[in-house]
Amino acid sequence: MCGIVGYIGKKQAVPVLIEGLKRLEYRGYDSAGIAVHSNGELIVQKVAGRVSRLENLIQKEKISATLGIAHTRWATHGEPTDKNAHPHTDCKGKIAVVHNGIIENCNALREYLKQKGHKLRTQTDTEVIAHLIEEYYDGDLLRATRIALSEVKGTYGVAIISLDHPREIVCARNGSPLVLGDGGDEYFVASDAAPIVPHTRQVVYLEDGELASINDNGFTITTLEEKEIIPKIEEISWTLDQIERGGYPHFMLKEIFEQPITLKNAIRGRLNVADGTARLGGLIRHHKELEAVNRIIITACGTAWHAGLIGEYMLEEMTRVPAEVEYASEFRYRSPIVDNNTILFAISQSGETIDTLAALREAKRRGATTLGICNVVGSTIARETDGGVYIHAGLEIGVASTKAFTSQIMALALISLLMGRMRTISVEKGREIIEAIEKIPEQVAQILKLDKKIKEIASVFYKKKNFLFLGRGYNFPVALEGALKLKEISYIHAEGYPAAEMKHGPIALIDKDMPVVFIAIRDSVFEKVLSNIEEVKSRKGVVIAITTEGDKEIKSKVGYCIPIPKTIDLLTPLLTVIPLQLLAYHIAVMRGCDVDKPRNLAKSVTVE
Ligand code: AGP
């Protein structure tokens with residue numbers, strides 16, 4: 001997610017815009033830029049890197065302006081470079097646009113614009129908006145923007161200024177938040193209230209499908225269909241700290257609750273229903289390798305490694321190609337067997353984990369095709385792999401990975417579908433999987449409504465010293481992930497195990513003081529898990545179970561049930577992990593732990 005700020009008033013715009021960007025850096029900061037209307041000129045300055053770098057660049061220029069827009073970027077299309085930074089302009093440099101969101105049909109729009117003679121200069125999806133507005137501009141900036149946006153598919157929060165409109169900012173929202181600020185004789189637009197609060201607490205939240213034209217007398221709001229909207233002024237009561245976390249007490253909780261949206265973003269534009277397959281731009285040049293591969297290796301660390309385990313099960317089920325998961329730190333030192341028919345998937349949220357990067361380099365040296373599954377666009381792993389799939393989870397600030405994990409799994413499901421349809425999976429089966437994928441974001445939203453119930457369960461167990469997490473099949477890796485989430489933020493010792501394996505040792509640990517969390521949903525291994533639950537109970541173990549909605553049988557056997565919606569086995573980890581994320585979060589908070597910055601941990605492990 002990116003950050004947008006706009007200002008019109010009597011003050012010098014540059015310091016207001018730069019200060020506003022600094023308050024939005026928590027949304028993403030791989031590049032930044034500004035566009036202002038100054039003495040009859042439209043001046044655009046933009047750089048890769050932090051806002052401070054832009055500030056240093058601009059300070060030398062002593063720009064005088066009282067209207068402008070600015071942007072801090074979290075790259076989704078196109079690497080974080082000076083050229084790909086926002087604002088983007090039209091052919092003549094008379095219209096400047098800043099954008100937060102993903103334009104799903106940007107390739108088709110690029111083709112259309114090229115046919116119309118436009119010269120696009122960057123790899124970004126945003127640039128097409130500037131040229132579309134230019135295409136339709138006939139002297140009315142708002143009208144041209146409205147027509148342009150009616151052709152756009154995807155999400156946007158945009159702000160636009162033009163050389164020919166020295167006292168107007170046009171902005172619009174569809175899927176990415178935008179807030180207008182009313183300072184009486186100065187007006188603001190921003191991605192959230194953080195940049196506005198120092199100037200005014202009077203705001204209007206734009207709704208999806210709404211546009212605003214802002215000038216020195218205030219703003220008017222209309223819809224894409226030109227319906228007039230009466231602005232609803234609200235008073236902000238939040239502190240800046242609360243605003244950055246979207247009102248949540250911790251970034252981790254905010255990111256857990258973002259998952260319906262981040263999963264939608266991971267899916268967006270990638271489902272080909274007609275052919276029952278996935279459309280993955282970053283793999284298009286590698287379909288030959290995907291068809292010829294005879295061995296798949298997945299390498300990662302930590303939570304990403306757990307996602308890899310799930311990917312192994314998915315890929316083998318869907319493609320019948322042998323797949324194995326390797327700890328990156330082990331793979332790189334054990335002289336692995338790799339040849340040019342091997343594909344190595346490197347999974348990494350940060351794209352900078354040194355062990356994963358080293359494993360990737362070792363596999364490349366030995367002739368493998370390497371594909372990345374990363375969140376940070378332009379990160380080292382993303383750049384060094386031959387291709388890959390970005391997960392579009394947005395900046396993940398909490399050290400304990402949550403939304404990135406589910407988006408990694410979604411990316412692996414899409415890759416498995418694409419590769420499976422190249423082999424034995426029929427178009428009907430592919431469409432069934434797509435239908436189940438499309439339901440996931442809403443099902444996750446449904447599970448998040450159980451937060452209060454999960455918090456109550458946490459209150460019963462937060463003083464325990466040990467936990468065991470057990471699952472089978474697709475949910476064995478979820479048991480590992482649940483244990484990792486709990487141990488890394490609450491410092492409680494927790495282990496994940498294949499449920500059947502518990503008999504071969506861990507069962508010796510079971511007693512009334514060791515809660516056992518089972519993933520016991522109605523999947524193909526449910527009956528086996530039920531027997532494992534009986535084994536635990538017969539040793540006075542206390543069971544917490546993730547169950548399938550409506551399952552009365554297990555409810556009668558287990559003291560604490562968390563019911564979740566049903567989906568196909570392949571996708572169950574996307575749902576079963578959500579209660580485990582919340583359970584770990586609430587236990588850690590009740591234990592007074594620093595949830596966003598757990599002791600001894602770092603968000604990206606760039607040392608061996
Ligand atoms: C996740 O909760 C952990 N903080 C950690 O295991 C993390 O998943 C691991 O360090 C890998 O990071 P990456 O995905 O950025 O490579």
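Count residues from 1 along the sequence. Computed from a predicted model, the values in this text were never measured in an experiment. Order of listing sets the numbers, starting from 1, for every ligand and every atom in it.
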Protein residue, atom and distance nearest to atom 10 (O) of ligand 1, heavy-atom basis: Val605 CG2, 3.9 Å
Proximal atoms of ligand 1 relative to Ser350 (non-hydrogen, under 4.0 Å): 13 (P), 15 (O), 16 (O)
Nearest-contact summary for atom 14 (O) of ligand 1 - protein heavy atom, Å: Gln349 N, 2.7 Å
Full working for salt bridge (charged side-chain N to carboxylate O under 4.0 Å, His left out) between Arg361 and Glu384: CA-CA 8 Å; Arg361 288 172 175 165; Glu384 293 201 10; 2.6 Å; yes
Sub-4.0 Å heavy-atom contact, Lys485 with ligand 1: yes
Any side-chain donor near an acceptor of the partner, Lys485 and Thr303, under 3.5 Å: yes
Under-4.0 Å salt bridge between Lys403 and Glu258: yes
Which of the ligand 1 atoms, numbered from 1, are nearer than 4.0 Å to a heavy atom of Ala304: 8 (O), 14 (O)
N/O separation below 3.5 Å, Gln408 to ligand 1: no
Atoms of ligand 1, numbered as shown, that sit under 4.0 Å from any heavy atom of Ala400: 2 (O)
Salt-bridge present (Asp339, Arg366; N to O < 4.0 Å): no
Heavy atom of the protein closest to atom 1 (C) of ligand 1 (residue, atom name, distance): Thr303 OG1, 3.1 Å
Tyr560 versus Glu456, side-chain donor and acceptor atoms under 3.5 Å: no
Donor on one side chain, acceptor on other, Gln581 and Glu481, under 3.5 Å: no
Donor-acceptor side-chain pairing of Asn100 and His86 below 3.5 angstrom: no
Positive for salt bridge (charged side-chain N to carboxylate O under 4.0 Å, His left out) with Glu25, one of Arg73, Arg53, Arg50: Arg50
Per-atom contacts of ligand 1 with Ser401, taking only distances under 4.0 Å to non-hydrogen atoms: 1 (C), 2 (O)
Nearest neighbour of atom 12 (O) of ligand 1 from the list Thr356, Ile381, Ile347, Thr353, on a heavy-atom basis: Thr353
Val399 N/O to ligand 1 N/O under 3.5 Å: yes
Residue portion contacting ligand 1 (non-hydrogen atoms closer than 4.0 Å) for Glu488: side chain
Lys566 atom NZ, neighbour heavy-atom count above 12 within 6.0 Å: yes
Nearest-neighbour protein heavy atom for atom 11 (C) of ligand 1, which is reported as residue plus atom name and distance: Cys301 O, 3.5 Å
